[in-house]
**Student:** 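First, the structure itself, so that you have it in front of you.
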Amino acid sequence: MDPLAQLNPAQQEAVLTGAGPLLVLAGAGTGKTRVITFRIAELIRRGTPADRILSVTFTNKAAREMHQRATSLLGRSSATQPVICTFHALCVRILRQEITALGYPKHFSIYDRGDQESTARTTLREIQVSDQTLRPADLLHRISRWKTAGVPPERAADYVENDQDFLAAVAYRKYQAALRSSGAVDFDDLLLVTRQLFDEHPQILRKYQRSFEYIQIDEYQDTNAAQFYLISALVKPHHNLCVVGDDDQSIYGWRGAEVTHILNFQKQFPQAKVVRLQDNYRCTDEILQLANRLVRHNRGRHEKTLVAHKHNGRKIRFLEYEDEHQEAEQLVREIQHLNTELNVPAGHIAILFRTNEQPRPVEAQLRQHNVRYVLIGGQSFFDRREIRDILAYLKAIAFPNDEPSLLRIVNVPARGIGNSTMHKLIQRSVASGQSLWHAFDEAASQRAIPARAASSLQALKQTLESYRQRFRRRPSALHATLSDLISEIGYHSEIEKHYKSAEQQTARKAMLASLIDTVKDYCTRAGKPSLVTFLQDTSLVGRDDESDKEEQLSENAVKLMTLHSAKGLEFPHVYMIGMEEGLLPHRRSIIGSESAIAEERRLTYVGVTRAMDQLTLTRATGRMKWGKRRPSLPSRFLHEMQHEQPAVPAADQTGDSQDLAAHDG
DNA sequence: AAGGAGGGTTTTTTT
DNA sequence: AACCCTCCTT
């Protein structure tokens, strides 16, 4: 049987379109992942080598899933694998090969959020800005905006609007210099450095242009300027670019995503073919109507008419409770009922929320009632103190210039190296433009630091150096070396000192054991394991690495996640909790512009359209905030989705698409 | 330098 | 309520 027969005409059209630019406007639940995977298979069937097809997804999870689907569709027939990854992973893939062309060390480290914050803090201290005037997080936010918009440190001063911006512009320069001198890149740099590589080395760009014959991008509405630039460069010779997205689901404006890319695709590629997927197979008619009524309140969007294929669904419910505890209690009671009385598997249920503090009371209830659940994202494995400490050791070993990691571990466990010593060394290192270790050698020979601290630092330096060798010598047994390292630095006693209860201690030690397991897994899986590669992969995949384990484990567990991480998923039963002003829309968006509210509205739209059969929206009339109970009002979106939109002047309806570009995250 | 007490602040969303 | 930072004592 022809597998294409499973698809509707619009889907088939998208799949069968060959060369040239293609825009697929895919509403929620219209099977876009399916279309992309079928397209990959079709291109291969027509003779394109699999590894010449690049598909970019938005999350690692989506990449994994798409990869699975594609390989099951292809069967054993193909010798090579299609390339399916995120933008960031694509850049790392390229930079691992080419970064030395830009004068970076071959083994560059990738700064995660913690490293970024630590560098930001040092930077601010250096230019003597207290972190009350400009908090590290605010600085990083501004830097990220500049970076994604393609503004280099030298030019940031031109984009200054207030005092904080001014300070940030100064700090940006220092921050970038610090990264540069440690041979490190942050997340945004991965894209920018790749862009720089393409700009300055046309022959490298040509190489990658040739290596990818077809490029597909999922969630195109969420691409930022840097990603857009990379893709434009890569497809220049052939324009074999297929983008798939939905402007109504653009929820990353705050991170530099620009809807204009999807809205202007036809301007950029006038010969582009456009296919609309409007048959929704996911939601019931009722749910879809609710979603449509809501999103129609936004201006300047592509009007779409999603057609539901499921009818006579369950009634949508709007529930109200006294506070978040009531909300959680009733929610869990109902889940138990669904579970035990109605035989609904736990895995069919999702609880969605706006902020990461919201699931706390729900988690407590779920645990109390022994309901299996997984919290997706949020505080997890790689955020644990022990894990971060040990990873910092590994990074300090793999990347001798990685300052944030060194600063983190230098006195953990305590070994007599105090703040004043480190301050002195940092100052010296900044003044001389040399690394911290270099500053230490100098200071030690001048006897400028206390003898005890000096000898401890010397010992640490030797330990790190010797493990650097050991890791290098036995790349296939990284886990064994890691285990040695943990005992050598005495981390177990550090845990015993820190946590009093035996329960805590075993739990924390178990963390270490599972980190060793993770490394072991990596060693067996990776073709050519190395500490550097492990660390680079880890910082990319980060917290969602656990999902391998979790995925099997969670087959049948209630899923808790933010609205943002719910994008692209679907569940038979969806609960959206905390439908209140201040939470959804979030208070920060209410202070902001109209476009910020519009993004919150799209976020709500995303949430509503996750539901296949049963949708429940709950709210509390009051909520604890900073230790006090505060009353909260129903979300404006609840009203909007239940009532037809009052007549809107025609001008508003057609609103210039530029409106949407004016996000200000 | 280490550890503990007290005070002030905070979380929007993430690759 | 929880966390982080700073200051204070040892």
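Hydrogens, waters and symmetry mates play no part in the numbers below; they use all other heavy atoms, side chains included. Proteins get letters first, then strands, A, B, ... in listed order; numbering begins at 1 in each.
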**Student:** DNA chain B: A:R415 or A:R588, which has the more 5' nearest nucleotide?
**Tutor:** A:R415
**Student:** By nearest atom, which of the nucleotides B:dT13, B:dT14, B:dA1 is closest to the A:T355 side chain?
**Tutor:** B:dT13
**Student:** Would you say a side-chain N or O of A:T562 is under 4.0 Å from OP1 or OP2 of B:dT14?
**Tutor:** yes
**Student:** What I want to find out is whether A:E219 reaches A:K567 closely enough, with some N-O distance under 4.0 Å, to be called a salt bridge.
**Tutor:**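 Between A:K567 and A:E219 there is a salt bridge, with a charged N closer than 4.0 Å to a carboxylate O.
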**Student:** What's the CG-P distance between A:L375 and B:dT13, to the nearest Å?
**Tutor:** 12 Å
**Student:** Return the stacking result for B:dT14 and A:Y252: yes when the ring centres lie under 5.5 Å apart and the planes under 30°, no otherwise.
**Tutor:**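 Aromatic stack with B:dT14 absent for A:Y252.
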**Student:** Checking A:E98 against A:Y208: is there a side-chain donor and acceptor pair closer than 3.5 Å?
**Tutor:**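 A:E98 and A:Y208 do have a side-chain donor-acceptor pair below 3.5 Å.
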**Student:** Go through B:dT13, B:dA2, C:dA2 for me and flag the one nearest to the A:A414 side chain.
**Tutor:**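 When the side chain of A:A414 is considered, B:dA2 is the closest of B:dT13, B:dA2, C:dA2.
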**Student:** What is the nucleic acid contact for A:D188, judged by heavy atoms within less than 4.0 Å: base, sugar-phosphate only, or nothing?
**Tutor:**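 If one applies the 4.0 Å heavy-atom cut-off, A:D188 turns out to touch nothing in the nucleic acid.
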**Student:** Checking contacts here: which listed nucleotide (B:dT15, B:dT10, B:dT11) is nearest the side-chain heavy atoms of A:T59?
**Tutor:**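 It is B:dT15.
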**Student:** Round to the nearest Å and state the distance from A:H586 atom NE2 to B:dT11 atom P.
**Tutor:**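 So the two atoms are 10 Å apart, to the nearest Å.
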**Student:** Looking only at the aromatic ring of each residue, does the gap between the centers of A:H564 and A:Y252 stay below 6.0 angstrom?
**Tutor:** yes
**Student:** Using distance alone, with no hydrogens and no angle criterion, decide if A:T122 and A:T119 have a side-chain donor and acceptor under 3.5 Å apart.
**Tutor:**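 Distance-only check fails for A:T122 and A:T119.
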**Student:** CD of A:Q227 versus C1' of B:dT15: gap in Å, rounded?
**Tutor:** 8 Å
**Student:** What's the closest nucleotide to the A:T86 side chain, out of B:dT14, B:dT15, B:dT11?
**Tutor:**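 Minimum distance to the A:T86 side chain belongs to B:dT15.
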**Student:** Just how far, in rounded Å, is C1' of B:dT13 from CZ of A:F58?
**Tutor:** 11 Å
**Student:** Between A:R135 and B:dT10, is there a contact of a side-chain N or O with OP1 or OP2 at under 4.0 Å?
**Tutor:** yes
**Student:** Among the nucleotides B:dT11, B:dT15, B:dT10, which one has an atom lying closest to any side-chain atom of A:E357?
**Tutor:**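 Nearest to the side-chain atoms of A:E357, counting from C-beta on, is B:dT11.
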**Student:** After noting the C-alpha distance and the side-chain angles of A:E600 and A:S589, does the key distance pass the side chain to side chain donor-acceptor pair (under 3.5 Å) rule?
**Tutor:** CA-CA 8 Å; A:E600 299 280 309; A:S589 307; 2.9 Å; yes
**Student:** Go through B:dA1, B:dT15, B:dT13 for me and flag the one nearest to the A:F187 side chain.
**Tutor:**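 The listed nucleotide nearest to A:F187's side chain is B:dT15.
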**Student:** Please state how far atom CZ in A:R360 lies from atom P in C:dC3, giving the value in whole angstrom units.
**Tutor:** 7 Å
**Student:** Rounded to whole angstrom units, what separation is found between the CG atom of A:D138 and the P atom of B:dT10?
**Tutor:** 9 Å
**Student:** Is A:R587 close enough to B:dT11 that one of its side-chain N or O atoms is under 4.0 Å from OP1 or OP2 there?
**Tutor:**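 Negative; the distance criterion is not met.
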**Student:** Compare the minimum distances between each of B:dT14, B:dA1, B:dA2 and the side chain of A:T421, then state the nucleotide with the smallest one.
**Tutor:** B:dA1
**Student:** A:N411 or A:S589: which one's nearest nucleotide on DNA chain B is closer to the 5' end?
**Tutor:**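 That would be A:N411.
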**Student:** Given atom CG of A:L563 and atom C1' of B:dT14, what is their separation to the nearest angstrom?
**Tutor:** 14 Å
**Student:** Roughly, in whole Å, what's the span from CG in A:N224 to P in B:dT13?
**Tutor:**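 A:N224 atom CG is separated from B:dT13 atom P by 19 Å.
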**Student:** Using the C1' atom on both, measure C:dC4 against B:dT13 and round to a whole Å.
**Tutor:**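 These two C1' atoms come out 23 Å apart once rounded.
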**Student:** Under the salt bridge (charged side-chain N to carboxylate O under 4.0 Å, His left out) test against A:D186, which residue among A:K147, A:R113, A:R180 passes?
**Tutor:**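 For A:D186, the salt bridge (charged side-chain N to carboxylate O under 4.0 Å, His left out) check succeeds only for A:K147.
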